[in-house]
Amino acid sequence: MLTLAVLISGTGSNLRALLEAASHSDFPARVVVVGADRDAPGLAHAEEFGIPTFTVPFHMHESREHWGEEVARQLDVWSPDLIVLSGLMRLLPASVVTRYSPRIVNTHPAYLPEFPGAHGVRDALAAGVTETGASVIVVDDGVDSGPILAQERIPVLPGDTEHSLHERIKPVERRLLIDVVRRIATGDLVLAP
Ligand code: GAR
């Protein structure tokens, strides 16, 4: 059974989908802890599923490095096999990425390498593209630059807002993420060091 730690910043709708998938007895992975960099509303999903949570507020640490050290300390309590960034809106410091690499994956609401960064949906709309996408990648020490594990195209529709487009992307992200986790758990997908 693959054990997962999930890190979030926001509403955690993708986290919830993963929790639901992992609650089925035939799913080969379990979420063992959910962490956040702030008082994220999505932590409530973990509590509902009886999963332990931790919060390491970014703004209460003097540097990204100190914050990352505390996140790593919390993660190490649970010794997760895989760390899933599911809407964590902070870059982990390189020391933390190196410590767990390649066992950190990230979901991103764009067809990487297109539109990396914190505003993947907004940037795609601003660029006027007719299609964007969803991606699941391995985290490296760049910004959304790691190896791509899964991705899918999604059309941008006339009249789309950042919200409407993002809400169409998220279900695809969930499907890709759950599939990637399953494939890692079963050994179909091996994360290269
Ligand atoms: C997801 O679309 C995720 O890919 C994105 O934040 C959203 C979180 O939604 N992450 C990034 O943009 C990271 N650069 P959720 O909190 O409802 O799961």
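Model, not experiment: these values are computed from the prediction. Just so you know, ligand 1 is whichever comes first in the structure, and atom 1 is the first atom listed for that ligand.
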Which residue holds the protein heavy atom closest to atom 18 (O) of ligand 1, what is that atom called, and what is the gap in Å? Asn14 N, 2.9 Å
Could you tell me whether the side chain of Arg183 and the main chain of Asp188 form a donor-acceptor pair under 3.5 Å? no
Would Arg16 and Glu20 pass as an ion pair if we require N to O under 4.0 Å? yes
Taking Phe115's backbone N and O only, do any of them form a donor-acceptor pair with His108's side chain (distance below 3.5 Å, no angle check)? yes
Residue-ligand contact Gly120/ligand 1, heavy atom below 4.0 Å: no
Counting each atom of ligand 1 from 1 as listed, which ones have a heavy atom of Ser13 under 4.0 Å away? 15 (P), 16 (O), 17 (O), 18 (O)
If you measure every N/O of Leu15 against every N/O of ligand 1, is any gap under 3.5 Å? no
Hey, is Thr11 one of the residues with a heavy atom under 4.0 angstrom from ligand 1? yes
Check ion pair Asp179-Arg175 (N to O, under 4.0 angstrom): no
Of the backbone atoms (N, CA, C, O) and the side-chain heavy atoms from C-beta on, which set of His108 has a member under 4.0 Å from an atom of ligand 1: side chain, backbone, both, or neither? both
When rounded to the nearest 0.5 angstrom, what distance separates CD in Glu62 from CD in Glu65? 11.0 Å
Is there any N or O on Thr107 that sits under 3.5 Å from an N or O of ligand 1? yes
Would you find a donor on one side and an acceptor on the other, under 3.5 Å apart, between the side chain of Ser86 and the backbone of Ile8? no
Identity and separation of the nearest protein heavy atom to atom 16 (O) of ligand 1: Gly12 N, 2.7 Å
So is His166 close enough to ligand 1, meaning a heavy atom under 4.0 angstrom away? yes
My understanding is that we take every heavy atom of each candidate and find the minimum distance to atom 11 (C) of ligand 1. Doing that for Met89, Arg122, Glu173, which one comes out nearest? Met89
What is the closest protein heavy atom to atom 12 (O) of ligand 1, and at what distance does it sit? Pro109 CD, 3.4 Å
Give a yes or no on whether Met1 atom CE has more than 12 heavy-atom contacts from other residues, nucleotides or ligands under 6.0 Å away. yes
Distance to 0.1 Å, residue and atom name: give those for the protein heavy atom nearest to atom 8 (C) of ligand 1. Gly87 CA, 3.7 Å
Quick one: which ligand 1 atoms are inside 4.0 Å of a heavy atom on Gly117? 14 (N)
Considering only NZ, NE, NH1 and NH2 on the basic side and carboxylate oxygens on the acidic side, decide whether Lys170 and Glu173 come within less than 4.0 Å. no
Check whether any side-chain N or O of Tyr100 sits under 3.5 Å from a backbone N or O of Pro80 as a donor-acceptor pair, and report yes or no. no
